[in-house]
Amino acid sequence: MLDLKFLVSNPHEVKDNLARRGEEIDIDSIIELNQKRKDFIKEVEVLKNKRNEVSKKIGELKRQNKDISEITKEMKTVSNKISEYDSEIKMIEEDINGILIRIPNMLLPEVPDGKDESENILSHEWGNRREFDFDPKPHWELAEKLNLVDFNRGAKIAGSRFSVYIGAGAKLERALINFMLDKHSENGYTEVIPPLLVNSATMTGTGQLPKFEDDLFKCERDGLYLIPTAEVPLTNIYAGEILQGENLPLKFMAYTPCFRREAGAHGQDTRGLIRQHQFNKVELVKIVTPETAWEELKKLLEDAEDILRQLCIPYRVVKLCSGDVGFSAAFTFDIEVWLPGQKCYREISSCSIFTDFQSRRAGIRYKVKGKKGTEYPYTLNGSGLAVGRTFLAILENYQNQDGSIVIPEVLRPYMNNVEVIS
RNA sequence: GGAGAGGUGGCAGAGUCCGGCCGAAUGCACCGCACUCGAAAUGCGGCGCCCGACUUGCUCGGGCCGGGGGUUCGAAUCCCUCCCUCUCCGCCA
């Protein structure tokens with residue numbers, strides 16, 4: 001969330017930012033509420049000071065066995081007044097927080113203007129799109145024919161947007177997971193197996209709550225939510241803690257299934273593996289000092305891109321424009337893979353810098369040696385990569401005319417050296 | 001699920017029975033200074049977080065002892081409630 005002090009002293013910047021994102025939130029009412037809050041605090045603190053002093057005196061008088069009934073009665077009314085003020089202040093603070101927690105992050109100046117994904121800016125491209133001497137099929141046809149994924153039985157067991165990976169399909173998925181984890185391990189990320197269910201404080205820390213409750217699966221009875229990405233548990237590992245500055249940057253990675261309700265995506269990508277309620281993802285998360293944030297984001301992006309390069313799958317990287325950057329993010333690079341079966345690019349990774357937005361929400365701070373006070377670190381994350389989408393990208397890019405699939409060389413050691421699935 | 005014990009500053013650990021002089025002893029860690037060629041050891045001093053005020057100061061005030069609520073003039077301390085940890089029993093992958 002934004003720093004209240006920043007908001008109060010820079011209301012125009014905050015409003016401009018909302019405009020760039022195409023959102024509307026009443027900023028002035030926060031400023032008014034905050035002024036009211038300060039006024040009440042000023043008054044109640046005078047009373048509390050009095051109460052503290054008199055209470056001290058009462059202690060002394062009591063020890064001397066003197067009569068305190070009169071002074072006690074007087075203080076009773078002071079105390080009552082204090083609790084009235086306190087509850088008023090608390091209500092105001094709840095109001096302020098209720099708005100503040102729904103304000104999106106400030107975009108960095110590097111974010112290009114634009115209303116939606118159509119105005120994202122190409123950063124760079126890699127790889128050559130393969131020339132096919134036949135009409136390449138979409139992955140769902142390939143997967144079904146080879147019996148790698150059973151969409152119908154997934155729907156039978158769980159519902160639409162669920163699928164069953166079978167045999168070589170399941171093996172290929174697992175090979176991808178292990179390949180990605182091993183690669184990132186070499187690049188210094190610490191492997192983590194986090195909880196897949198988390199509480200609401202954790203979801204609030206990274207920004208999924210309160211605004212995006214409808215996109216989450218919730219276990220009502222236990223007050224727990226299925227994670228939509230490992231970003232959530234990984235970023236919150238140090239929630240509420242004070243880190244030592246010299247230990248930054250911290251680099252974590254995790255493979256987890258991810259769960260999304262996809263509310264509002266009815267009718268979109270209903271076929272195939274593109275948009276599932278449950279999918280596998282390897283996620284990269286960094287906690288860094290503000291000075292190194294850009295450098296670390298570029299490295300993270302590089303780490304994610306490297307997976308596609310090793311797999312020899314063409315892709316492009318785009319800078320998200322102001323209207324497309326997510327709620328918590330301040331800047332985002334998307335990596336999009338080429339899918340010849342569908343003749344389009346699809347997002348396979350989103351690498352973002354969150355500035356201090358998440359760390360402030362989650363209460364992650366760090367201390368610099370010799371400096372007093374604490375500071376909020378920047379958090380970064382990116383998919384490295386979405387496994388299901390990598391799986392389908394392999395199918396579409398490595399397909400043969402007969403419907404068989406060549407296994408990319410780097411994956412063969414993870415698949416008993418199988419070269420072709422047919 | 002049942003019974004019990006406990007959650008205090010970066011860590012360890014007193015204080016809680018008998019409410020006030022406790023934002024909190026002591027030790028460790030950390031940071032200055034002294035000693036030293038340097039280091040260790042030792043000695044001295046410092047050492048939490050958040051909010052508010054203005055005369056922006058090595059200032060003043062308020063709040064914080066797992067979260068929330070209550071009793072009281074006054075709560076780390078008493079009561080209620082929730083969360084978490086540990087031990088034992090039961091059940092179970």
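Proteins get letters first, then strands, A, B, ... in listed order; numbering begins at 1 in each. Hydrogens, waters and symmetry mates play no part in the numbers below; they use all other heavy atoms, side chains included.
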Please check if atom CD in A:Glu23 has more than 12 non-hydrogen atoms from other residues, nucleotides or ligands closer than 6.0 Å. yes

Can you find a pair of side-chain heavy atoms, one from A:Lys286 and one from A:Val288, that are under 4.5 Å apart? yes

In terms of heavy-atom contacts, does NZ of A:Lys171 have more than 12 from other residues, nucleotides or ligands at under 6.0 Å? no

A:Glu283 backbone acceptor or donor facing A:Ser383 side chain under 3.5 Å: no

What's touching nucleotides 51-58 of chain B from the protein side, N or O pairs under 3.5 Å?
| from | atom 1 | to | atom 2 | distance (Å) |
| --- | --- | --- | --- | --- |
| B:C51 | O3' | A:Arg37 | NH2 | 3.1 |

With a sphere of 6.0 Å drawn around CD of A:Glu117, does it hold more than 12 non-hydrogen atoms of other residues, nucleotides or ligands? no

Would you say a side-chain N or O of A:Asn52 is under 4.0 Å from OP1 or OP2 of B:G62? yes

Pairwise P distance for B:C79 and B:U71, with rounding to whole Å: 15 Å

Find the partner of B:A39: check Watson-Crick (N1-N3 plus N6-O4 or O6-N4) and G-U wobble (N1-O2, O6-N3) distances, both under 3.5 Å, and reply none if neither fits. none

Per A:Ser79 side chain, nearest of listed nucleotides B:C50, B:C73, B:G63: B:C73

If the C1' atom of B:C78 is compared with that of B:G1, how far apart are they to the nearest Å? 31 Å

Using atom P in both nucleotides, what's the gap between B:G38 and B:G62 to the nearest angstrom? 47 Å

In whole angstroms, the gap separating P of B:C49 from CD1 of A:Ile242 amounts to 7 Å

Partner of B:A93 by Watson-Crick or G-U wobble geometry, both contacts under 3.5 Å, or none? none

Would you measure the distance from the P atom in B:C44 across to the matching atom in B:C28 and give it in whole Å? 12 Å

Is the number of heavy atoms from other residues, nucleotides or ligands within 6.0 Å of CD (A:Glu24) greater than 12? no

How many whole angstroms separate atom CG of A:Asn49 from atom P of B:G63? 9 Å

Measure from the ring center of A:Tyr376 to the ring center of A:Phe357 and say whether it is less than 6.0 Å. no

Expressed in whole Å, how much space separates the P atoms belonging to B:C50 and B:C65? 16 Å

Round to a whole Å and report the spacing from CZ of A:Arg360 to C1' of B:C49. 15 Å

How many Å lie between CD on A:Glu60 and P on B:C21, as a whole number? 10 Å

Surrounding CD of A:Gln64 (heavy atoms of other residues, nucleotides or ligands, distance under 6.0 Å), is the total greater than 12? yes

A:Asp222 CG to B:G1 P: how many Å, rounded? 10 Å

Examine A:Tyr225 together with A:Phe217 and report whether their ring centres are nearer than 6.0 Å. no

Residue-level proximity of residues 70-78 of chain A to RNA chain B when a heavy atom falls under 4.0 Å: A:Thr72, A:Met75, A:Lys76

Side-chain donor/acceptor of A:Thr235 to backbone N/O of A:Val232, under 3.5 Å: no

Looking at B:G48, I'd like to know if its phosphate oxygens (OP1 or OP2) sit under 4.0 Å from a side-chain N or O belonging to A:Thr374. no

Rounded to the Å, how far apart are A:Leu47 CG and B:C73 P? 16 Å

Using the P atom on both, measure B:G74 against B:G63 and round to a whole Å. 12 Å

Give none if B:C17 has no partner; otherwise give the nucleotide forming a Watson-Crick or G-U wobble pair with it, both distances under 3.5 Å. none

Between the base of B:G61 and the side chain of A:Lys48, is one N or O donor paired with an acceptor at under 3.5 angstrom? no

Watson-Crick or G-U counterpart of B:G52, or none if no pair lies under 3.5 Å: B:C60

To the nearest 0.5 Å, atom NZ of A:Lys50 lies from atom CD1 of A:Ile82 at 9.5 Å

What is the distance from NZ of A:Lys367 to P of B:A29, rounded to the nearest Å? 19 Å

Who does B:A76 pair with, Watson-Crick or G-U, both distances under 3.5 Å? none

Distance between P atoms of B:G9 and B:G48 (Å, rounded): 14 Å

Over all strands shown, is A:Lys57 touching base, sugar-phosphate only, or nothing at heavy-atom distances under 4.0 angstrom? nothing

Return the CG to NZ distance between A:Leu395 and A:Lys137, rounded to the nearest 0.5 Å. 11.5 Å

By the Watson-Crick or G-U definition, both distances under 3.5 Å, B:C88 is matched with B:G2

Give none if B:C28 has no partner; otherwise give the nucleotide forming a Watson-Crick or G-U wobble pair with it, both distances under 3.5 Å. B:G10

Starting at CG of A:Asn80 and ending at P of B:U71, how long is that distance when rounded to a whole Å? 9 Å

In whole Å, measure the gap between the P atoms of B:C80 and B:A25 for me. 30 Å

